[in-house]
Amino acid sequence: MILRLRCDKASWLISESLDRKLLLHEWLALRGHQIACRGCPIVEKQLYLIRRATQQSANANEAALSQITLSDAAKDRLKSAVRRAENGYN
């Protein structure tokens, strides 16, 4: 598998490694491929950069949302709308 790994599979493994720990044979295949490939290490850096940026954006959005306050009337309207949606009618 190490010598036969293509860039598309390597890119998929890089992406997978962001979400889970790779199995030993996957990790070895990916590292072996990256020794011989010039492009895949760049893809890995780009994916890590994208992940960091989206995490930072999500944290900023969460902080901004925590500062939003609603009036009691607005809260009641939202609760009512959710109940209507749960019951399947407006």
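- When hydrophobic clusters are built by joining Ile, Leu, Val, Met, Phe, Trp and Tyr residues whose side-chain heavy atoms come closer than 4.5 Å, directly or via intermediates, Leu24 is grouped together with Leu30.
- Counting heavy atoms from C-beta on, the side chains of Ser17 and Trp12 never come closer than 4.5 Å.
- Atoms SG and CZ, from Cys40 and Arg31 in turn, are 10.5 Å apart once rounded to the nearest 0.5 Å.
- For Gln34 against Ile14, the heavy-atom pair with the smallest separation is NE2-CD1, 3.6 Å.
- Using a distance-only test at 3.5 Å, with no hydrogens or angles considered, no donor-acceptor pair links the side chain of His33 to the main chain of Ala10.
- Of the options Arg51, Lys45, Arg52, Gln46, a side chain to side chain contact (heavy atoms under 4.5 Å, CB included) to Leu49 is made by Arg52 and by none of the others.
- Here OG of Ser11 is found 7.5 Å from CG of Leu47. Values are rounded to the nearest 0.5 Å.
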What do the steps show when you test Leu28 against Leu22 for side-chain contact (heavy atoms from CB on, under 4.5 Å), and what is the final call? CA-CA 9 Å; Leu28 289 171; Leu22 295 180; over 6 Å; no
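- Residues Arg20 and Glu26 are paired through a salt bridge, judged by an N-O separation under 4.0 Å between the basic side chain and the carboxylate.
- Both Val43 and Leu18 are part of a single hydrophobic cluster, where members link through side-chain heavy atoms under 4.5 Å apart.
- The two residues Pro41 and Cys37 make their nearest non-hydrogen contact at CD-O, 3.3 Å.
- Considering every non-hydrogen atom in both Ala74 and Leu70, the closest pair reads CB-CB, 4.2 Å.
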